[in-house]
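The block underneath contains the structure these notes are about, expressed in structure tokens.
Numbered from 1 within each chain, the chains take letters A, B, ... in sequence-line order.
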Protein chains: 2
Amino acid sequence: MQLDFTAQLREKRTRVTPSRLAVLSLLEKEKRPLSVEKIITAIGEDAIDYVTVYRTVTLLKELGLIRQIDFHHGHAHYELASLGDHHHVVCVKCDKVAEVARCNAKRMEQEILKESGFSTITDHSLEFFGICRNCSI
Amino acid sequence: MQLDFTAQLREKRTRVTPSRLAVLSLLEKEKRPLSVEKIITAIGEDAIDYVTVYRTVTLLKELGLIRQIDFHHGHAHYELASLGDHHHVVCVKCDKVAEVARCNAKRMEQEILKESGFSTITDHSLEFFGICRNCSI
DNA sequence: ACACACATGCAACTAAGTTGCAAGTAAGAT
DNA sequence: ATCTTACTTGCAACTTAGTTGCATGTGTGT
């Protein structure tokens, strides 16, 4: 299934530019959270300025097309929001990241809307931290 | 209930110093996630060096006495690990933070240990992002 | 109260992310 | 097709977050 990022950007009333399409299709291809550094390397540092990447991920996050994730690595990671409700386990020794099946956070969101004084929940992030088998030997 | 941080530090075979006790008892008093900046202000910038605060939170996190939390504010927050399994909702417009009741992540941890190739789960973090009533007007 | 490994403070540094501004470009109007 | 204009990009300079090296200070076991 090929996502139509052009249509998605137009729907959000923002311009369709090569930078935005490059970041979106890279994240679609990789299907995992990437740092800004990895995004620049993948697109090519002659092809895009790092400031443009920062501005692009900030915009795409505000539009809800991508999601920011924090692995306690000292910098942010980003993945396609349409990957849905899946999460990660991070090894605190070697920084290895594995995937975790879907959780029931959607049900919690309903409770939050009732109780917390928030009018909308746009996203959530759930990360587990532990030690992978390789590091526990 | 007054926690005996001295005993906790000794049990972890590390030194009991004024800096460590100051950070731990501040976090116990506040009962909410604090940034390094807030920790320095609260303790007093003449009373503790900011490098010591960074080294202290890194150590206390490794010892499992405090927990690192990320609100997508551009810097880390820390709270007492003994506050247990509670989480947060963050307004993406004004950065307001509210608390959320306990989730069932402990059950998920059991599944992760079976399936993911990890031998230990030391912690997890669950943050919701949305828009608070004040910002939605 | 001694010795020594560990903790702290200071200065310098690296890494992550932001801002201002001039030049370039997407997209609607002609 | 070309024009116009507001939005986007690239570059340089900057701010903020966090780290490292080293000399001095201090907690803890003897």
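- In this structure, A:Leu9 atom CG and D:dT8 atom P are separated by 10 Å, rounded to whole Å.
- In this structure, CZ of A:Arg20 is placed 9 Å from P of C:dA27, rounded to the nearest angstrom.
- Contact annotation: A:Thr14 reaches the phosphate of D:dT8 (side-chain N/O to OP1 or OP2, under 4.0 Å).
- Between A:Thr17 and C:dT25 there is no side-chain polar atom (N or O) within less than 4.0 angstrom of OP1 or OP2.
- Listed candidates were C:dT18, D:dG18, D:dG27. Nearest to the side chain of B:Pro18 is D:dG27.
- Toward the 5' end of DNA chain C, the nearer of the two residues B:Thr56 and A:Gly74, judged by each one's closest nucleotide, is B:Thr56.
- In this structure, the nucleotide among D:dT28, D:dG18, C:dA16 sitting nearest to the side chain of A:His75 is C:dA16.
- Taking the side chain of B:Tyr54 as heavy atoms from C-beta on, and the options C:dT8, D:dT19, D:dT28, the nearest nucleotide is D:dT19.
- Of the possible polar contacts, one joining the B:Lys31 side chain to the B:Glu28 backbone as a donor-acceptor pair under 3.5 Å is found.
- Closest approach of B:Arg67 and B:Leu80 over heavy atoms only: NH1-O, 4.2 Å.
- Each of B:Thr58 and B:Val16 has a nearest nucleotide on DNA chain D; the 5'-most of these lies closest to B:Thr58.
- For A:Arg10, a side-chain nitrogen or oxygen approaches OP1 or OP2 of C:dA27 to under 4.0 Å.
- On a pure distance criterion of 3.5 Å, a polar donor-acceptor pair joins the side chain of A:Arg15 and the base of D:dA6.
- Put simply, the side chain of B:Asp4 gets close to the backbone of B:Ala7: a donor and an acceptor are under 3.5 Å apart.
- For C:dG9, its base sits under 3.5 Å from the side chain of B:Arg55 at one donor and acceptor pair at least.
- Side-chain contact between A:Lys61 and B:Val92: absent, with no pair of heavy atoms (C-beta onward) separated by less than 4.5 Å.
- Nucleic acid contact class of A:Arg13 (heavy atoms, under 4.0 Å, all strands): none.
- Atom-to-atom, CG of A:Asp49 to C1' of C:dT19 comes out at 13 Å; the value is rounded to the nearest Å.
- Closest to the side chain of A:Val51, out of C:dA16, C:dT19, D:dT9, is C:dT19.
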